[in-house]
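Lettering follows sequence order; numbering is per chain, from 1.
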There are 2 protein chains.
Amino acid sequence: MTKVKESSTNQASRKFLAECDLTHAVRLMSGRWKLPILYLISKGQNRFGMLKKVIPNITERMLTLSLRELEDDGLITRTVFAEIPPRVEYALTEIAMDLLPICDHIRHWGLKHKQSIIFTD
Amino acid sequence: MTKVKESSTNQASRKFLAECDLTHAVRLMSGRWKLPILYLISKGQNRFGMLKKVIPNITERMLTLSLRELEDDGLITRTVFAEIPPRVEYALTEIAMDLLPICDHIRHWGLKHKQSIIFTD
DNA sequence: CAGTATCCCCCACGATACTG
DNA sequence: CAGTATCGTGGGGGATACTG
């Protein structure tokens with residue numbers, strides 16, 4: 001299924017539409033916790049409890065929601081092991097791994113931009 | 001002024017803090033219209049009226065707000081010419097220009113990610 | 001351990017009207 | 001032309017309590 005608005009034919013509009021996937025892509029990583037979670041999973045913090053312990057201030061609710069959205073967007077996989085006590089492991093998909101170097105670019109750009117960094121949380 | 005939480009000393013937390021600038025950087029480009037505006041300005045659409053004409057559905061209010069925030073974040077400059085009728089021109093700063101190639105990476109990543117692209121607007 | 005279930009607040013965003 | 005001013009809404013996010 002591919003549904004693209006083809007009505008506007010002028011140059012500027014077509015360039016704008018090309019820009020839309022950019023917005024869409026950025027939205028996948030927008031949100032308070034998405035990127036931190038992806039990063040930490042890439043570093044081996046791949047379970048609910050580990051993430052909760054390592055991420056300051058996140059609530060269980062937000063952790064759950066963020067993980068679900070990342071899963072829905074195809075950025076992480078969720079594997080349930082039928083054990084007692086239950087164990088669930090998260091892993092990055094190839095798509096998310098492709099994102100990591102880009103994140104690094106963004107981070108370096110951010111550092112260049114902001115000489116004064118304030119972590120309020 | 002540099003205010004960094006130094007309380008937590010373990011490895012994971014320090015890595016997490018490093019991740020925070022990433023979140024911060026992403027926030028600068030988050031928002032419904034920020035990226036489209038930056039992109040269009042880079043393509044020469046550097047006036048209020050031009051942007052309004054070229055961006056579908058944006059309201060004057062949102063255009064104003066977005067431009068102000070981009071200016072406050074140091075991503076664009078705003079130059080007022082004392083003429084009648086009034087003329088205002090926007091231009092990307094070096095920081096925003098550094099961002100453009102990254103945007104391109106993100107866009108390509110987004111395209112690889114989403115085989116089915118839907119532009120709803 | 002790995003989550004749900006409620007309740008609530010704030011703010012990004014939109015619609016509409018007006019202006020130096 | 002390039003904006004303000006005002007009002008309204010949805011959902012992203014938080015606090016807290018409970019559960020298979």
Student: Might you work through the side-chain contact (heavy atoms from CB on, under 4.5 Å) test for B:R78 and B:V88, ending with a clear yes or no?
Tutor: CA-CA 7 Å; B:R78 180 171 185 273; B:V88 176; 3.8 Å; yes
Student: Rounding to an integer number of Å, can you tell me how far B:F48 CZ sits from D:dA2 P?
Tutor: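 Spelled out: CZ on B:F48 to P on D:dA2 is 8 Å.
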Student: Separation of A:E89 atom CD from C:dG3 atom C1', in whole Å?
Tutor: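 Distance check: A:E89 CD to C:dG3 C1' gives 16 Å.
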Student: Let's go through A:E89 and A:F81 carefully: what are the C-alpha distance in whole Å and the side-chain angles of both, what is the deciding distance for side-chain contact (heavy atoms from CB on, under 4.5 Å) to 0.1 Å, and is it a yes or a no?
Tutor: CA-CA 8 Å; A:E89 285 187 6; A:F81 296 87; 3.8 Å; yes
Student: Supply the atom-to-atom distance B:M50 CE to B:K52 NZ, rounded to the nearest 0.5 angstrom.
Tutor: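 Here the interatomic distance stands at 14.5 Å.
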Student: Atom CE in B:M62, atom CG in B:L67: separation rounded to 0.5 Å?
Tutor: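 Reported to 0.5 Å precision, the distance equals 10.5 Å.
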Student: Can you tell me if the side-chain N/O atoms of A:R47 get under 4.0 Å from OP1 or OP2 in C:dC1?
Tutor: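 The answer is no; no side-chain N or O of A:R47 sits under 4.0 Å from OP1 or OP2.
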Student: Whole angstroms only, please: what is the CG-C1' distance between A:L28 and D:dG12?
Tutor: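 Atom-to-atom, A:L28 to D:dG12, this comes out as 16 Å.
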Student: Should C:dG3 form a Watson-Crick or G-U wobble pair with both distances under 3.5 Å, which nucleotide is its partner?
Tutor: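 Base partner found: D:dC18.
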Student: For the pair A:L22 and B:Y39, evaluate side-chain contact (heavy atoms from CB on, under 4.5 Å) and give the outcome as yes or no after the intermediate values.
Tutor: CA-CA 10 Å; A:L22 174 52; B:Y39 180 83; 5.7 Å; no
Student: Atom CG of B:N57 to atom C1' of C:dA12: distance rounded to whole Å?
Tutor: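 Atom CG in B:N57 sits about 16 Å away from atom C1' in C:dA12.
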Student: How long is the span from the CD1 atom in B:I37 to the CD atom in B:E69, to the nearest 0.5 Å?
Tutor: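 The CD atom of B:E69 is 9.5 Å from CD1 of B:I37, to the nearest 0.5 Å.
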Student: Heavy-atom nearest nucleotide on DNA chain C for A:K52 versus B:S30: which residue maps closer to 5'?
Tutor: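 Of the two residues, A:K52 wins.
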Student: Would you jot down, in residue-number order, the residues of residues 58-68 of chain B having a non-hydrogen atom under 4.0 Å from DNA chain D?
Tutor: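 Per residue number, the list reads B:E60, B:R61, B:T64, B:R68.
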Student: Grab the CD1-P distance between B:I55 and C:dC13 for me, whole Å please.
Tutor: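 Rounding to the nearest Å, CD1 of B:I55 and P of C:dC13 are 13 Å apart.
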Student: For B:L35 versus B:M29, what's the shortest heavy-atom pair and its separation?
Tutor: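 B:L35 and B:M29 have their closest heavy atoms at CD2-O, 3.4 Å.
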Student: Would you check, one step at a time, whether the test side-chain contact (heavy atoms from CB on, under 4.5 Å) holds for B:D104 with B:W109?
Tutor: CA-CA 8 Å; B:D104 235 45; B:W109 171 81; over 6 Å; no
Student: For the CD atom on A:E71, are there more than 12 heavy atoms of other groups (residues, nucleotides or ligands in this structure) within a distance under 6.0 Å?
Tutor: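 Correct, the count exceeds 12.
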Student: Name the pairing partner of C:dA12, where a pair is Watson-Crick or G-U wobble with both distances under 3.5 Å, or state none.
Tutor: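 Pairing partner: D:dT9.
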Student: Whole Å only: how far is the OH atom of A:Y90 from the P atom of C:dC1?
Tutor: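 Distance, rounded to whole Å: 14 Å.
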Student: With the threshold set at under 4.0 Å for non-hydrogen atoms, list the residues of residues 76-87 of chain A touching DNA chain D in residue-number order.
Tutor: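 Correct list: A:P86.
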Student: Nearest-Å distance, CG (A:L70) to P (D:dG12)?
Tutor: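 One finds 13 Å between P of D:dG12 and CG of A:L70, rounded.
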Student: Starting from P on D:dC1, measure out to CG on B:N46 and report it in whole angstrom.
Tutor: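 Computing the B:N46:CG to D:dC1:P distance gives 15 Å.
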